[in-house]
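If you're wondering where the values come from, they're calculated on a predicted model, not measured in any experiment.
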Amino acid sequence: MSAIGAVSSCSCLRPGVRLLKPGTEKMSSLGLHTAARCAARDYYEVLVLGGGAGGITMSARMKRKVGAENVAVVEPSKTHYYQPLWTLVGGGAKQLAASARPTGSVMPRGVEWIQSRVTALDPDKNCVWLENDTKVSYKYLIIALGISLHYEKIKGLPEGFHHPKIGSNYSVHTVEKTWRALQDFKEGNAIFTFPNTPVKCAGAPQKIMYLSEAYWRKTGKRSKANIMFNTSLGVIFGVKKYADALLEIIKERNITVNYKCNLVEVRADKQEAVFENLDKPGVTEVHQYEMLHVTPPMGPPDVLINSPVSDAIGWVDVDKETLQHKRYPNVFGIGDCTNLPTSRTAAAVAAQSGVLDKTISLVMKNQLPTKKYDGYTSCPLVTAYNKVILAEFDYSAQPLETFPIDQSKERITMYHMKADMMPFLYWNALLKGYWGGPAPIRKLMHLGFK
């Protein structure tokens, strides 16, 4: 999902915001649609909520299906981010600018970009409400609203980020602070946290820990760093094959793991972090830190909480195999905002997009969906500045690996895939609706080695 919440530029939005003339379009050197406009119509055959990875890839696919003029995307943010790169930004291996492009440049040409926020969904009447009570109706709705960060649920945040020694790779506003805190480290505790909520990219909280350890080893500070991973979970990783490999690395690098340990308060002025023992509710422990990396609590976007399209928690309630809504057959969900029981990653979105494309095609023909999503997701676990363990698995937390090698081993080739190949694939294939995950490659690779 896009990380910046800035809203601008059309009459259906809040007054006082600088406007583009209605219908104005700018064309980049690549001939892409780059200007947002107000809803030119109040009805679209396909309406997509969200302009992140899931929303953009599905709008590109729907454009080829029903025509660009019949597709609209509701997205308030002016900038689209490739967020998987932020692990490397926080570790000083990539620049933040490399993860960003104007939203208009990734919007499929001709597709209507409604630069506004959705405020309510009314699936019984096939419409949604935007800011300033603007109503847009649809024939088919794709919900791709992502996941919300809740730093404010930790006492002392987000205001604590104004102090040094603290950062977070999960926000565009704080990821560069991680790199500064890493560089400024002198001596003491370096604490990395994992919250007591679902998160996107569940491997990211420990990836930055391994990069930090490698950086301090390289700069001669490792002996002065007591590295701690304080996680609310009871395991280091949810798939045993990769968990075993990570535990070996943790042992080799003398890292302390504290399980069932949830960050509840940051006293940034004192460089103190307060953790609750989840096995003993109400019992807390205070740790002094020289560096603190915070993974925030996360949850469904506010607009989905208590929405007719959501489950009791607020996640879009879809069939886990077809991604079709369980109660509204013309509504679909993709990505982090859904209740699909798999890890929330860009790789999962890629695999889901291929299935959802086929699901919608059949629904449009009044046929039952047949393509099934197996829960495929992937987490390239960065363990050093040149090594990655490529974790790939399914709904049952069983490995579902692309390559005919042992992917639980650290590999330089997998690092280059994470750092160089995957960003190219994201911008040039996934967002254009041409990448539906590695299943075809997996079949070819394993057939070739039989």
Could you tell me the separation between the [atom1] atom of [X] and the [atom2] atom of [Y], rounded to the nearest 0.5 Å?
X	Y	atom1	atom2	value
M209	I255	CE	CD1	4.5 Å
S168	L149	OG	CG	7.5 Å
I166	L157	CD1	CG	5.0 Å
K260	N262	NZ	CG	10.5 Å

(message) Does anything in residues 408-423 form a salt bridge (charged side-chain N to carboxylate O under 4.0 Å, His left out)? List the pairs, not counting sequence neighbours.
(response)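 Residue pairs with at least one partner in residues 408-423: K94-D420, R253-E410.
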(request) Write out all pairs satisfying salt bridge (charged side-chain N to carboxylate O under 4.0 Å, His left out) with one or both partners inside residues 364-380, taking only residues at least two apart or from two chains. (result)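 Qualifying pairs: E321-K372.
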Ignoring hydrogens and geometry beyond distance, is a side-chain donor-acceptor pair present between [X] and [Y] at under 3.5 Å?
X	Y	result
E392	T402	yes
E75	Q115	no
S137	N126	no
T377	T345	yes

Between [X] and [Y], is any pair of side-chain heavy atoms under 4.5 Å apart?
X	Y	answer
I154	V266	yes
P195	L263	no
F393	S343	yes
P123	Y138	yes

(message) Show every ring-ring contact (aromatic ring centres under 6.0 Å, His included) that has at least one partner inside residues 366-385, sequence neighbours left out.
(response)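 Those involving residues 366-385 are Y373-Y395.
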Looking at every non-hydrogen atom in both residues, tell me the closest pair between [X] and [Y] and how far apart they are.
X	Y	result
L362	P369	CD1-CA, 3.8 Å
L430	S353	CD1-OG, 4.4 Å
T295	M298	CG2-CE, 4.1 Å
V349	I334	O-CD1, 3.9 Å
V111	V71	CG1-O, 3.6 Å

(message) Using 30° and 60° as the class boundaries, would you call the ring planes of Y242 and F237 parallel, tilted or perpendicular?
(response) perpendicular
(request) Report the relative orientation of the aromatic rings in H80 and Y426; use parallel for angles under 30°, tilted for 30 to 60°, perpendicular for over 60°. (result)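 H80 and Y426: tilted rings.
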List for me each residue that meets side chain to side chain donor-acceptor pair (under 3.5 Å) alongside [X], sequence neighbours excluded, and say none if there are none.
X	value
D124	Y328
E248	none
N258	N230

(request) Kindly say whether D336 contributes a backbone atom to a donor-acceptor pair with the side chain of R344 at under 3.5 angstrom? (result)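 Indeed, once roles are kept as given, a pair shorter than 3.5 Å links the two residues.
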(request) Return yes if some donor-acceptor pair links the side-chain N/O of K207 with the main-chain N/O of P380 below 3.5 Å, else return no. (result)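 Pair found, side chain donor or acceptor close to backbone of P380.
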(message) Applying side-chain contact (heavy atoms from CB on, under 4.5 Å), can you list everything that pairs with Y434, at least two apart in sequence or on another chain?
(response)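 side-chain contact (heavy atoms from CB on, under 4.5 Å) list for Y434, sorted by chain: R64, K432.
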(request) Just jot down the side-chain contact (heavy atoms from CB on, under 4.5 Å) partners of M421, sequence neighbours excluded, or say none. (result)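 M421: side-chain contact (heavy atoms from CB on, under 4.5 Å) contacts with M417.
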(message) Test of understanding: with salt bridge (Lys or Arg N to Asp or Glu O under 4.0 Å), list the residues that count as partners of D244, not counting sequence neighbours.
(response)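 D244 satisfies salt bridge (Lys or Arg N to Asp or Glu O under 4.0 Å) with K240 once adjacent residues are dropped.
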Inspect the contact between [Y] and [X] and indicate whether a charged nitrogen and a carboxylate oxygen are less than 4.0 angstrom apart.
X	Y	answer
K241	E401	yes
D317	R327	yes
D357	K65	yes

(request) Report the residues that fulfil ring pair (Phe, Tyr, Trp, His ring centres under 6.0 Å) with F161, sequence neighbours left out, ordered by chain and then residue number. (result)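 Counting only residues at least two positions away or on another chain, F161 forms a ring pair (Phe, Tyr, Trp, His ring centres under 6.0 Å) with Y151.
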(request) Please list, chain by chain and in numerical order, all residues satisfying ring pair (Phe, Tyr, Trp, His ring centres under 6.0 Å) with Y140, sequence neighbours excluded. (result) none
(message) According to side-chain hydrogen bond (donor to acceptor under 3.5 Å, both in side chains), does anything in residues 298-316 pair up with another residue at least two apart or in another chain? List the pairs.
(response)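 As it turns out, the side-chain hydrogen bond (donor to acceptor under 3.5 Å, both in side chains) pairs with a partner in residues 298-316, which skip direct neighbours, are D311-N339.
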(request) Report, as yes or no, whether the 6.0 Å neighbourhood of atom CD1 on I305 holds more than 12 heavy atoms from other residues, nucleotides or ligands. (result)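 Counting other residues, nucleotides and ligands, CD1 of I305 exceeds 12 neighbours.
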